[in-house]
Amino acid sequence: MTLSTADLAYVRDVVRERSAIVLDDSKRYLVESRLAPIARQQGASNLGDLVAQLRADRSGHLRDVVVDAMTTNETSFFRDPRLWGALERSLLPSMIEQRRSQQALNFWCGAASSGQEPYTLAMLLVERFPQVVRDWNVRIIATDISADMLGRAAAGRFTQLEVNRGLAAPRLVRHFVRDGSHWRISDQLRQMVEFRSLNLVTPWPFVPQVDVLFLRNVLIYFEHRTKQEILARCRTVLRPDGHLILGTSETTLNIDDSYERVVTDGATTYRPR
Ligand SMILES: C[S@@+](CC[C@H](N)C(=O)[O-])C[C@H]1O[C@@H](n2cnc3c(N)ncnc32)[C@H](O)[C@@H]1O
């Protein structure tokens with residue numbers, strides 16, 4: 001199934017307007033291949049028909065479905081092991097020390113995809129800082145624009161392939177139970193994470209002041225100005241001594257110079273100056 005140039009431009013505009021995701025010319029094949037299953041579901045005989053339905057979509061539901069399909073949700077448990085090692089050995093212990101009088105820590109994963117990132121954090125906390133988990137007020141808020149991914153994340157069910165990526169056998173056995181051909185995360189870990197829908201380019205009404213903001217592997221999909229706007233808003237929710245964590249190929253440098261790049265125990269984080 002192929003798209004006319006005008007229809008491709010229309011889809012790109014819809015996706016950009018609603019999510020800020022930029023689909024450049026090189027993404028034609030990706031757009032077509034992700035629209036094809038939606039066309040079948042919608043009973044459209046080709047992509048042109050589907051785009052006609054999209055243009056006529058009053059409720060906005062089909063637009064949401066199309067935007068959801070254009071998100072790239074690649075993730076894994078303990079993605080970038082060097083970061084998680086530094087969190088375990090250095091960043092979390094020093095943060096816990098600093099918050100000992102308040103006994104409260106807030107974490108926000110702003111592009112949580114299918115949940116591996118917030119669950120990795122919950123696993124580390126339970127394994128290494130059980131007393132903090134038990135006695136402190138620890139919140140892990142996990143948000144994403146994709147309703148599909150949020151549903152999967154909240155269910156906490158993962159395929160064999162997904163658990164094979166990043167989870168050593170002892171961790172799998174400790175934190176998951178078999179559920180048919182899948183693995184289900186323990187109730188304790190599932191209940192530690194609050195999953196909510198949030199588009200990074202619209203207001204963030206329920207996001208509290210956070211100690212660590214994970215915004216990994218999402219800025220890459222946005223243009224320069226959108227990255228600037230989001231990074232400026234991140235400063236408004238990040239505690240003055242908090243850490244912003246980006247993906248390994250992402251940076252604030254030359255985008256927002258009010259962050260200081262800090263390397264701790266081999267991991268890069270960004271802190272408000
Ligand atoms: C590649 S995944 C990153 C997952 C995880 N942070 C990691 O690094 O493993 C990117 C996620 O960003 C989400 N996303 C894209 N645009 C978004 C937006 N405007 N608001 C919120 N989430 C968005 C996608 O739905 C996707 O789940």
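For the single chain, residues carry numbers from 1 onward in sequence order. Start at 1 and go down the list; that is how both ligands and their atoms are numbered.
- Aromatic ring pairs are classed by plane angle as parallel below 30°, tilted from 30° to 60° and perpendicular above 60°; the pair Tyr259 and Tyr270 is perpendicular.
- Inclusion of Leu200 in the set of residues having an N or O under 3.5 Å from an N or O of ligand 1 is warranted.
- Proximity of Ile145 to ligand 1, defined as any heavy-atom pair under 4.0 Å, is shared by backbone and side chain alike.
- Within the listing of ligand 1, atoms 15 (C), 16 (N) sit less than 4.0 angstrom from a heavy atom of Ile21.
- By the criterion of a heavy-atom distance under 4.0 Å, the side chain of Val218, and not its backbone, is placed next to ligand 1.
- Counting protein heavy atoms only, atom 8 (O) of ligand 1 is closest to Asn217 ND2, 2.7 Å.
- Using a 4.0 Å heavy-atom cutoff, Asp68 is absent from the residues neighbouring ligand 1.
- For the residue pair Ser114 and Gln116, a side-chain donor N or O sits within less than 3.5 Å of a side-chain acceptor on the partner.
- A side-chain donor-acceptor contact under 3.5 Å links Glu32 to the backbone of Leu3.
- Of the options Asp24, Asp7, Asp25, a salt bridge (charged side-chain N to carboxylate O under 4.0 Å, His left out) to Arg12 is made by Asp25 and by none of the others.
- Remark: ligand 1 atoms within the under-4.0 Å shell around heavy atoms of Glu117 are 5 (C), 6 (N), 7 (C), 8 (O).
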task: Would you check, one step at a time, whether the test salt bridge (charged side-chain N to carboxylate O under 4.0 Å, His left out) holds for Arg271 with Glu260?
output: CA-CA 5 Å; Arg271 311 192 76 174; Glu260 181 186 9; over 6 Å; no

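- Of the heavy atoms in Arg216, both backbone and side-chain atoms come closer than 4.0 Å to ligand 1.
- With a 4.0 Å heavy-atom cut-off, ligand 1 is reached by no atom of Thr143.
- Residue Glu74 approaches ligand 1 through these ligand atoms, each under 4.0 Å from one of its heavy atoms: 1 (C), 2 (S), 3 (C), 4 (C), 9 (O).
- Scanning the protein heavy atoms around atom 9 (O) of ligand 1, the nearest turns out to be Thr75 OG1, 2.6 Å.
- At least one heavy atom of Ser19 sits closer than 4.0 Å to an atom of ligand 1.
- The single protein non-hydrogen atom nearest to atom 7 (C) of ligand 1 is Arg79 NH1, 3.2 Å, given as residue, atom name and distance.
- Side-chain atoms of His175 and Glu127 form a donor-acceptor pair, as typed in the model, at a separation below 3.5 Å.
- Heavy-atom minimum distance, Asn46 versus Ala39: O-CB, 4.5 Å.
- By heavy-atom distance, the residue among Ala111, Gly166, Ser76 lying nearest atom 5 (C) of ligand 1 is Ala111.
- Contacts between Phe222 and ligand 1 below 4.0 angstrom, taking non-hydrogen atoms only, involve the side chain exclusively.
- Using modelled atom types, one side-chain atom of Arg233 and one backbone atom of Leu200 make a donor-acceptor pair closer than 3.5 Å.
- The residue from Phe176, Trp183, Phe195 that alone fulfils the ring-ring contact (aromatic ring centres under 6.0 Å, His included) condition with Tyr119 is Phe195.
- With hydrogens and angles left out, the side-chain atoms of Gln53 and Asp49 include no donor and acceptor closer than 3.5 Å.
- Residue-ligand proximity, Thr72 to ligand 1, at heavy-atom distances under 4.0 Å covers atoms 1 (C), 2 (S), 10 (C), 11 (C), 26 (C).
- For the residue pair Ser146/Asp68, the side-chain donor-acceptor check at 3.5 Å is satisfied.
- Summary of contacts: the protein heavy atom closest to atom 11 (C) of ligand 1 is Asp144 OD2, 3.7 Å.
- If you number the atoms of ligand 1 from 1 as listed, the ones under 4.0 Å from a heavy atom of Ser146 come out as 25 (O).
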query: Can you check salt bridge (charged side-chain N to carboxylate O under 4.0 Å, His left out) on Asp256 and Arg235, steps first, answer last?
result: CA-CA 10 Å; Asp256 186 335; Arg235 263 184 286 116; 2.8 Å; yes

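- In the vicinity of Ser113, heavy-atom distances shorter than 4.0 Å reach the ligand 1 atoms 4 (C), 27 (O).
- Atom 21 (C) of ligand 1 has its closest protein heavy atom at Leu198 O, 3.3 Å.
- Looking at Arg190 and Asp187, a side-chain N of the basic residue comes within less than 4.0 Å of a carboxylate O on the acidic one, giving a salt bridge.
- The shortest N/O to N/O separation between Met149 and ligand 1 does not fall below 3.5 Å.
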